[in-house]
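So the structure is just underneath, and the comments pick up after that.
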Amino acid sequence: MLKCSTFSSNKAYIVRYFITFAAPATFPDSDFSDDTQDLVIQDKDILRKSHHDSGTGLHVLDLIHRGSLEPDRSLYNTLFKKCTLLKKLDEARIVHAHINASLFKDDLVMQNTILNTYCKCGSLDDAHKLFEEMPVKDMVTWTALITGYSQNDQPLNALVLFPQMLRLGLKPNQFTLSSVLKASGTGTSDRYGRQVHAFCFKYGYVWNVYVGSSLLDMYARFGRMDDAWSVFDTLESKNEVSWNALIAGHARKGEGEHALKMFSGMLRQGFEPTHFTYSSVFTALASMGSLEQGKWVHAHVIKSGGKLVAYVGNTLLDMYAKSGSIDDARKVFNRLERRDVVSWNSMITGYAQHGLGKEAVRWFAEMLRIRIVPNEITFLCVLTACSHAGLLDEGQKCLELMKKYSIEPQEAHYVTMVDLLGRAGRLDQAMKFIIKMPIEPTAAVWGALLGACRMHKNMDLGTYAAERIFEFDPHDSGPHVLLANMYASAGRLSDAAKVRKMMKESRVKKEPACSWVETKNAIHMFVANDDAHPQREEIRKVWDEICGKIKEIGYIPDSSHVLFYADQQEREAKLQLHSEKLALAFALMTTPPGFTIRIKKNIRVCGDCHSAFKFASKVVVREIIVRDTNRYHHFRDGFCSCGDYW
DNA sequence: TTAGGGTTAG
């Protein structure tokens with residue numbers, strides 16, 4: 001009873017050749033005894049039982065060819081499942097060749113399965129070739145290919161196929177729409193996605209949890225959290241994915257508190273957080289720099305028995321590093337199940353941001369020693385570390401090393417290199433570097449030079465750099481403030497006034513400075529000259545006391561950091577009301593002695609505050625950690641971890 | 001037979 005597929009002799013040869021090549025363990029002829037029926041059943045069982053084995057079980061094709069096994073749909077499906085699971089493209093091709101020589105050659109469902117397998121194995125070329133060859137295609141065929149493109153970083157191809165499918169009169173289902181929405185979440189505009197949203201309405205899928213989650217994720221990726229929320233609220237039922245998409249959206253936007261609130265809401269409603277949830281929540285916490293809340297969520301992971309797998313572990317260590325605890329970050333690193341390039345980059349960045357440049361370079365060397373291949377981000381992290389620590393030689397070597405790894409330096413690498421040279425006082429060298437570099441200098445490159453000129457009080461080059469920046473964007477407040485500061489700190493107050501006038505005339509708005517401080521489980525925000533805080537009198541009194549004490553040990557207020565008041569006395573008074581000083585005073589009032597104070601600022605920490613905090617850390621005998629947009633400052637016993645190099 | 005969510009820098 002041989003129910004073997006019909007082969008043409010030529011095709012049989014090809015298939016056998018492939019099988020032998022890929023799966024040499026063929027069965028001897030003597031295995032085909034009289035009790036063939038028993039063998040058939042037995043081998044099918046072996047195939048099914050071995051579903052999770054490392055092999056794909058291709059030897060059964062040999063059995064089919066020899067006639068001892070009857071090919072059926074479920075057998076081929078099992079083989080394709082294994083190919084998908086193990087990402088075995090070559091073996092999927094062999095099974096495909098075998099099917100082409102069988103009765104299933106023109107079977108639409110089988111062809112859809114093959115197409116899907118090619119997509120899952122990452123070969124969109126094979127999938128597209130089969131798609132073109134298929135005489136009949138149904139909605140599943142189109143959906144499988146659209147999904148393939150969407151899942152394999154080719155969203156445009158997916159978006160081109162969708163209208164073609166519609167033009168043929170095929171109606172999309174929830175699978176199609178979810179994939180199209182995923183593809184629509186890329187690019188610069190949500191226009192396509194909004195049109196797909198209309199289709200979801202038309203076909204009645206907006207309430208479907210799969211389509212709805214993709215839809216809200218699409219909006220969240222474009223930062224349209226209100227629209228994302230509207231979709232979330234209208235979902236008939238929610239699941240972990242819907243929650244995760246919304247949490248990730250808030251995390252991406254840097255809206256840490258929203259993300260954390262969502263996480264609490266998810267727990268309250270009885271949903272189990274997944275790896276995706278924790279990754280997003282730690283990303284959110286990292287942006288908040290909130291150590292206490294970070295520890296709370298970490299405890300959740302431990303309690304749920306979650307292992308520190310790639311994404312979760314990396315985001316967790318990044319959270320600790322960004323929240324000011326590099327020691328905890330290192331502990332997490334040591335406990336990671338697998339350390340990849342992101343784990344190493346995060347640690348290097350952590351050390352760089354904490355002013356431990358030499359340590360960052362040491363970790364980079366160790367990473368190379370154990371043959372972890374660095375990527376462009378690694379080099380940027382190392383260059384930043386060198387820049388923050390004044391490690392000029394190491395930085396130059398790092399840039400050279402990029403060639404060895406065939407990584408072309410990008411704008412960010414050049415900016416950091418200019419920053420490194422400039423901070424080290426090599427302003428001429430930095431200028432020569434800009435002229436020689438293979439890309440056109442951008443506003444960011446000139447910005448780095450301007451920052452260095454301000455630091456080293458080089459008015460002429462600084463003015464030149466500022467003029468170049470204004471050519472790119474005359475309304476950018478950053479360079480205006482830097483330029484005015486540069487003039488003010490050199491005593492050229494009339495020039496500083498000219499810049500202020502220019503800003504006013506061009507309607508350049510300076511971003512208001514804000515500081516946040518975390519006390520136990522609450523976060524308090526302060527703005528400069530804060531008059532609205534209910535404890536403003538007490539806060540000012542505390543700062544006045546500290547100010548008096550630090551003046552006794554050498555603090556000299558530097559009012560060049562106050563631009564908008566002409567009168568010297570008024571400038572000095574405003575200087576003492578900077579948001580970070582108010583935040584520090586408040587933290588001292590509300591936290592127990594010895595408690596580390598953690599302050600976050602939305603712009604670069606002011607030079608006078610930096611000086612005041614160094615003295616204050618000695619007077620109040622506290623560790624003060626300030627995280628600004630550039631880096632961390634650990635103030636302890638009169639010194640800052642940045643070594644005044646920031 | 002076809003579906004959705006997560007990391008490092010600047």
Side-chain angles (χ1 to χ4, degrees), chain A residues 73 76-77 80-81 84 107-117 119-120 138-148 150-151 172-183 185 205 208-218 220-221 235 239-249 251-252 259 273-284 286 309-319 321-322 340-350 352-353 374-385 387 410-416 419 442 444 447-448 629-630:
Chain A
R73 194 181 294 280
Y76 285 128
N77 283 344
F80 282 126
K81 271 184 192 162
T84 300
D107 185 282
L108 177 60
V109 173
M110 188 58 75
Q111 286 183 318
N112 286 343
T113 304
I114 301 167
L115 195 151
N116 179 50
T117 306
C119 292
K120 294 291 183 293
D138 65 0
M139 183 263 289
V140 175
T141 320
W142 285 83
T143 301
L145 191 59
I146 287 171
T147 304
S150 175
Q151 291 179 338
N173 66 3
Q174 66 266 44
F175 291 79
T176 329
L177 292 168
S178 301
S179 291
V180 173
L181 284 165
K182 179 180 163 72
Y205 285 115
N208 175 284
V209 71
Y210 278 91
V211 175
S213 299
S214 311
L215 194 53
L216 77 87
D217 180 60
M218 183 274 295
R221 282 176 193 278
L235 283 178
N239 65 10
E240 286 77 10
V241 180
S242 342
W243 284 92
N244 291 347
L246 211 51
I247 291 172
R252 268 192 299 265
T274 67
H275 289 160
F276 290 86
T277 323
Y278 286 123
S279 300
S280 297
V281 171
F282 287 132
T283 301
V309 293
Y311 280 89
V312 179
N314 287 342
T315 50
L316 178 62
L317 84 82
D318 183 55
M319 181 277 292
K322 286 199 167 67
D340 60 13
V341 66
V342 177
S343 327
W344 285 87
N345 289 355
S346 302
M347 284 307 298
I348 291 169
T349 301
Q353 288 175 332
N375 60 15
E376 68 280 7
I377 296 174
T378 316
F379 287 104
L380 198 56
C381 298
V382 179
L383 281 171
T384 307
S387 173
Q410 304 295 307
E411 183 204 351
H413 298 98
Y414 292 116
V415 170
T416 314
D419 189 61
T442 58
T629 43
N630 280 2

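Values reported hereafter were calculated over all heavy atoms of this structure, with side chains retained and with hydrogens, waters and symmetry mates removed. Just so it is clear: chains get the letters A, B, ... in the order the sequence lines come, proteins before strands, and each one is counted from 1. Since this is a predicted model, take the numbers as computed values, not measurements.
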Candidate pair A/Leu383 and A/His413, rule side-chain contact (heavy atoms from CB on, under 4.5 Å), full reasoning: CA-CA 7 Å; A/Leu383 281 171; A/His413 298 98; 4.0 Å; yes
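- Side-chain proximity of A/Glu240 to B/dA3, B/dT8, B/dG5: nearest is B/dG5.
- Closest to the side chain of A/Gln353, out of B/dA3, B/dA9, B/dT1, is B/dA9.
- For the pair A/Trp243 CH2 and B/dG5 C1', the interatomic distance rounds to 14 Å; values are reported in whole Å.
- Listed pair A/Gln151 / B/dA3 meets the phosphate criterion, a side-chain N or O lying under 4.0 Å from OP1 or OP2.
- In terms of phosphate contacts, A/Lys81 brings no side-chain nitrogen or oxygen within less than 4.0 Å of OP1 or OP2 of B/dT1.
- For A/Leu145 and B/dA3, the CG to P distance is 12 Å, given to the nearest whole Å.
- A/Ser214 comes within 4.0 angstrom of the backbone, heavy atoms only, and of no base.
- Distances were taken from every side-chain heavy atom of A/Thr113 (C-beta onward) to each of B/dG10, B/dT1, B/dG6; the shortest belongs to B/dT1.
- In this structure, of B/dT8, B/dT7, B/dA3, it is B/dA3 that holds the atom nearest to the side chain of A/Phe175.
- Taking only side-chain nitrogens and oxygens, A/Gln410 never comes nearer than 4.0 Å to OP1 or OP2 of B/dG10.
- Of the candidates B/dT7, B/dG10, B/dT1, B/dG10 carries the atom nearest the A/Leu380 side chain, counting heavy atoms from C-beta on.
- A/Asn239 places a side-chain N or O within 3.5 Å of a backbone atom of A/Ser242 that can act as its donor or acceptor partner.
- Atom CG of A/Asp318 and atom C1' of B/dG6 are 13 Å apart (whole Å).
- OP1 or OP2 of B/dG4 has not a single side-chain nitrogen or oxygen of A/Arg221 nearer than 4.0 Å.
- Looking at A/Glu411 and A/Thr442, their side chains do bring a donor and an acceptor atom within 3.5 Å of each other.
- Judged by distance alone, with hydrogens and angles left aside, the side-chain atoms of A/Thr315 form a donor-acceptor pair with the main-chain N or O of A/Val312 at under 3.5 Å.
- Side-chain to base pairing of A/Ser213 with B/dG4: one donor and one acceptor N or O lie within less than 3.5 Å of each other.
- Residue A/Arg252 is in sugar-phosphate contact alone, with no base atom involved, counting any heavy-atom pair closer than 4.0 Å across all strands shown.
- Relative to the side chain of A/Tyr210, the nucleotides B/dT7, B/dA9, B/dA3 differ in distance, and B/dA3 lies closest.
- In the set B/dG4, B/dT1, B/dA3, the nucleotide with an atom closest to the side chain of A/Val209 is B/dG4.
- Rounding to whole angstrom units, CG of residue A/Leu316 and P of B/dT8 are separated by 13 Å.
- For A/Asp340, counting side-chain heavy atoms from C-beta on, the closest listed nucleotide (B/dA9, B/dG5, B/dT7) is B/dT7.
- Comparing B/dT8, B/dG6, B/dG5 against the side chain of A/Asn375 picks out B/dT8 as the nearest.
- Distance, A/Lys120 NZ to B/dT1 P: 13 Å, rounded to whole Å.
- Between B/dT8 and A/Asn314, no contact under 4.0 Å exists linking OP1 or OP2 to a side-chain N or O.
- Looking only at atom types and distance, the side chain of A/Ser346 has no donor-acceptor partner in the side chain of A/Ser343 under 3.5 Å away.
- For the side-chain hydrogen bond (donor to acceptor under 3.5 Å, both in side chains) with A/Asn314, the lone residue among A/Thr283, A/Asp340, A/Asn345 that qualifies is A/Asp340.
- Evaluation of atom-type donor-acceptor distances gives no pair under 3.5 Å for the side chain of A/Thr384 against the base of B/dG10.
- For A/Ser346, the side-chain atoms get nearest to B/dT8 when compared with the rest of B/dT7, B/dT8, B/dG4.
- At whole-Å resolution of the value, NE2 in A/His275 and C1' in B/dG6 are 11 Å apart.
- The base of B/dG4 lies close enough to the side chain of A/Asn239 for a donor and an acceptor atom to sit less than 3.5 Å apart.
- In this structure, CD1 of A/Ile247 is placed 10 Å from C1' of B/dG5, rounded to the nearest angstrom.
- As a whole-Å value, the separation of A/Phe80 CZ from B/dT2 C1' is 15 Å.
- No side-chain N or O of A/Ser214 forms a donor-acceptor pair with one of A/Asp217 less than 3.5 Å apart.
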